Every structure is written in C-alpha cells, then in structure tokens.
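If you're wondering where the values come from, they're calculated on a predicted model, not measured in any experiment. Atom set for the values below is all heavy atoms of this structure, side chains included, hydrogens, waters and symmetry mates excluded.
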Amino acid sequence: MSTKTILAVDDEEHILELIRYNLESSGYKVVTAESGEEALEVLLRKKCDLVLLDWMLPGIDGIEVIKKIRENSKLKKLPVILLTAKNEEINKVVGLEIGADDFLTKPFGIYELLARIKAVLRRSEDSFDKPESKEEILVIDYIKINKARRTVEVDGELVELSLKEFDLLYLLAKNRGFVYSRDMLLEKVWGYDYEGETRTVDVHVSNLRKKLEKDDQNPKIIKTVRGVGYKIP
C-alpha cells in the first residue's frame with residue numbers, strides 16, 4: 001500500500017508542526033499550507049489523499065476552501081476533515097452540509113486525530129484508483145443508483161453526492177424496507193470507531209432529500225420512522 005499524503009492547513013505554525021511530527025511518525029507524508037489560498041494552490045499541483053483543514057484561516061476560510069474543492073471535478077471526492085475551535089452544534093451542521101467528511105474540535109488528542117484520519121481514508125478508498133467491478137444498479141422509482149460508478153441519476157439527470165451521502169443512500173436502497181436507527185447508520189456508514197453524534201445522520205438525510213425528493217418537505221423516497229430512524233420503503 002502506497003504512503004498516503006495529507007495536506008494540513010492551519011495558520012498557527014506550532015499546530016502544523018505538531019500535526020506534521022505525529023503524522024510523519026505514523027507513516028504519512030505531510031505537506032502544509034498556512035492559508036486557504038495556499039491550500040488550493042497545493043492541491044492543484046500535488047496529489048493529496050486527505051485534507052486536514054482549519055475553519056478559521058486568513059483570507060478565504062475553511063468553508064470556502066471546501067466549497068472550491070467540491071466544485072472542482074478533479075478534487076470533489078477528496079476527503080476533508082474540518083478542524084475548528086468552534087464547538088456549537090450549528091457550526092458542525094454547517095461544516096457537514098458544505099461537504100466536510102468529518103469534524104474535529106480543538107483542542108484534540110493526537111490519537112483521536114489519527115483514528116479519524118484512518119477511518120476517513122478507509123471509507124474513501126473505494127472512490128480512488130480502483131477498477132470498476134461488475135455494475136450493480138438499483139432503481140427506486142425515478143432514481144437510479146450505480147454502485148460501481150458511484151453515480152446517482154434523478155429522472156435521468158446525474159446528481160452529485162458526497163462520499164457519505166452515496167454510502168448512506170446505497171445502504172438504505174440495498175436494504176429496502178429495513179429500518180435503520182441513527183446509531184446503526186453511524187456504525188455502518190461512518191465506521192465502528194466514529195465518535196460523532198447522531199445529528200450527523202440527520203444532516204446527511206436532509207441533504208439527500210433536497211437532492212433526490214420531488215418535495216423534500218414531504219419525502220417519499222427516504223422515510224422517517226418516528227422514534228426509530230430511517231428507511232426506503
């Protein structure tokens with residue numbers, strides 16, 4: 001397995017040095033940037049496997065950087081872990097809605113950071129440099145899901161989903177009629193070692209409904225089972 005390259009973005013030099021030392025000690029290659037603009041320049045000239053991105057940066061902030069990553073056809077699947085001193089629930093929701101793959105609040109422990117990196121990289125492996133397997137296509141009403149190509153069509157039009165949005169949709173679609181609790185979805189989509197909150201699931205379901213449903217306020221595809229969780233009937 002090739003060594004993974006991680007881009008660490010923070011405007012505090014001592015934090016970058018701490019991250020670099022610990023990640024390199026754990027076998028990763030590390031490149032750094034001290035601003036959002038510099039981070040985007042690095043990504044355009046160097047292949048990275050994951051970005052550790054501080055929210056509060058000089059110039060364009062972390063949220064704007066994520067937006068630009070998701071808008072770039074070559075970078076849009078790149079996993080991003082958002083680092084921030086912000087601890088309010090609303091900020092976590094904003095970060096996830098914009099397209100962050102995970103969220104870590106400062107101050108954080110190095111072992112926790114390493115665990116999150118390992119989990120996010122493991123989840124993203126299927127979207128990088130792997131030959132397509134035999135196509136498996138699931139059709140639900142006007143929605144077509146192609147597992148091998150990781151594409152979703154709504155009424156014949158391609159819809160862009162994040163890595164975890166696709167995994168969540170596929171899991172529910174593959175097991176139609178089965179009701180998954182939020183904890184079960186966290187475990188199966190985000191991984192056994194994910195320590196996030198069940199609100200993460202709600203945010204991703206909300207995003208999926210906005211992209212897939214004819215009327216996201218009256219969803220027909222992804223149904224809420226009150227007091228339990230979600231299913232695709």
Side-chain angles (χ1 to χ4, degrees), residues 1-72 74-88 91-129 162-164 189-191 193-197 200 203-204:
M1 181 180 294
S2 61
T3 301
K4 300 295 186 182
T5 299
I6 296 176
L7 170 61
V9 188
D10 200 298
D11 61 333
E12 297 185 54
E13 186 176 348
H14 71 282
I15 292 179
L16 284 181
E17 287 305 313
L18 178 67
I19 291 174
R20 180 197 292 275
Y21 174 80
N22 284 280
L23 294 190
E24 288 182 344
S25 297
S26 299
Y28 296 105
K29 292 180 181 178
V30 180
V31 292
T32 62
E34 296 184 7
S35 69
E37 290 87 349
E38 184 182 357
L40 292 170
E41 290 175 4
V42 170
L43 290 173
L44 290 176
R45 58 182 167 79
K46 186 174 183 64
K47 182 182 183 302
C48 295
D49 299 289
L50 182 144
V51 181
L52 295 176
L53 179 64
D54 188 38
W55 184 312
M56 302 302 291
L57 292 168
I60 62 174
D61 64 15
I63 294 298
E64 287 302 315
V65 173
I66 293 178
K67 287 181 180 178
K68 292 184 180 298
I69 288 173
R70 298 300 176 232
E71 291 168 358
N72 186 297
K74 294 182 179 180
L75 300 176
K76 62 184 179 181
K77 297 295 186 181
L78 181 65
V80 178
I81 297 178
L82 195 60
L83 308 176
T84 180
K86 293 173 178 286
N87 197 32
E88 298 86 350
N91 292 316
K92 294 183 180 181
V93 173
V94 169
L96 291 168
E97 287 182 338
I98 293 300
D101 293 274
D102 206 344
F103 197 106
L104 198 54
T105 303
K106 296 178 181 178
F108 51 82
I110 290 299
Y111 289 114
E112 181 182 11
L113 175 62
L114 290 171
R116 295 293 183 92
I117 289 173
K118 182 179 179 181
V120 170
L121 285 173
R122 184 177 65 242
R123 294 196 302 266
S124 68
E125 281 180 353
D126 287 341
S127 64
F128 288 99
D129 303 325
S162 71
L163 180 69
K164 291 196 297 301
V189 177
W190 280 262
D193 50 3
Y194 184 75
E195 298 178 357
E197 303 164 352
T200 299
V203 170
H204 283 77

Asks: If you round to the nearest 0.5 Å, how far is CD1 of Ile60 from CG of Leu40?
Replies: 4.5 Å
Asks: Does any non-hydrogen side-chain atom of Tyr28 lie less than 4.5 Å from one of Leu50?
Replies: no
Asks: Is there side-chain contact between Leu82 and Asp102, with heavy atoms separated by less than 4.5 Å?
Replies: no
Asks: Of all heavy-atom pairs between Gly27 and Thr3, which one has the smallest distance, and what is that distance?
Replies: O-CG2, 3.0 Å
Asks: Under a 4.5 Å cut-off applied to non-hydrogen side-chain atoms, are His204 and Trp190 in contact?
Replies: yes
Asks: So which heavy atom on Ser35 is nearest to which on Leu57, and how close?
Replies: C-CD1, 4.3 Å
Asks: With rounding to the nearest 0.5 angstrom, report the CG to CG distance, Leu113 to Leu23.
Replies: 6.0 Å
Asks: Over all heavy atoms of both residues, which pair between Asp11 and Pro58 is shortest? Give the atoms and the distance, please.
Replies: CB-CD, 3.5 Å
Asks: Looking only at heavy atoms, what is the nearest atom pair of Ala8 and Leu16, with distance?
Replies: O-CD2, 3.5 Å
Asks: Report, as yes or no, whether the 6.0 Å neighbourhood of atom CZ on Phe108 holds more than 12 heavy atoms from other residues, nucleotides or ligands.
Replies: yes
Asks: For a quick test of reading the model, state the closest non-hydrogen atom pair linking Pro79 to Asp49 and the distance between them.
Replies: CG-O, 3.2 Å
Asks: Does the side chain of Asn72 reach to within under 4.5 Å of the side chain of Leu44, using non-hydrogen atoms?
Replies: yes
Asks: Taking atom NE2 of His14 and atom CD1 of Ile19, what is their separation to the nearest 0.5 Å?
Replies: 9.5 Å
Asks: Would you check if Lys4 and Lys29 make a side-chain contact, meaning some heavy-atom pair closer than 4.5 Å?
Replies: no
Asks: Let's go through Ile81 and Asp101 carefully: what are the C-alpha distance in whole Å and the side-chain angles of both, what is the deciding distance for side-chain contact (heavy atoms from CB on, under 4.5 Å) to 0.1 Å, and is it a yes or a no?
Replies: CA-CA 6 Å; Ile81 297 178; Asp101 293 274; 5.6 Å; no
Asks: Side chains of Lys46 and Val31: does their closest heavy-atom pair fall under 4.5 Å?
Replies: yes
Asks: Quick one: pull up CD in Glu12 and NZ in Lys106 and give me the separation to the nearest 0.5 Å.
Replies: 5.0 Å
Asks: Assess whether side-chain contact (heavy atoms from CB on, under 4.5 Å) is satisfied between Phe103 and Val80, documenting all intermediate values.
Replies: CA-CA 9 Å; Phe103 197 106; Val80 178; over 6 Å; no
Asks: By the definition side-chain contact (heavy atoms from CB on, under 4.5 Å), identify the one residue from Ile66, Leu83, Ile63 that meets it with Leu53.
Replies: Ile66
Asks: Run Glu64 and Lys67 through salt bridge (Lys or Arg N to Asp or Glu O under 4.0 Å) and show every step you take.
Replies: CA-CA 5 Å; Glu64 287 302 315; Lys67 287 181 180 178; 3.3 Å; yes
Asks: Hey, is the main chain of Gly59 close enough, under 3.5 Å, to the side chain of Glu37 for a donor-acceptor pair?
Replies: no
Asks: Would Glu34 and Asp10 count as a side-chain contact (heavy atoms from CB on, under 4.5 Å) here? Give the steps.
Replies: CA-CA 5 Å; Glu34 296 184 7; Asp10 200 298; over 6 Å; no
Asks: Heavy atoms only: give me the nearest Arg70-Lys76 pair and the separation to one decimal.
Replies: NH1-O, 2.8 Å
Asks: Dump the intermediate steps for side-chain contact (heavy atoms from CB on, under 4.5 Å) on Val9 and Leu52, then the final yes or no.
Replies: CA-CA 6 Å; Val9 188; Leu52 295 176; over 6 Å; no
Asks: Does the side chain of Ile6 come within less than 4.5 Å of Ile117's, by heavy atoms?
Replies: yes
Asks: Is the closest side-chain heavy-atom distance between Thr32 and Arg20 below 4.5 Å?
Replies: yes
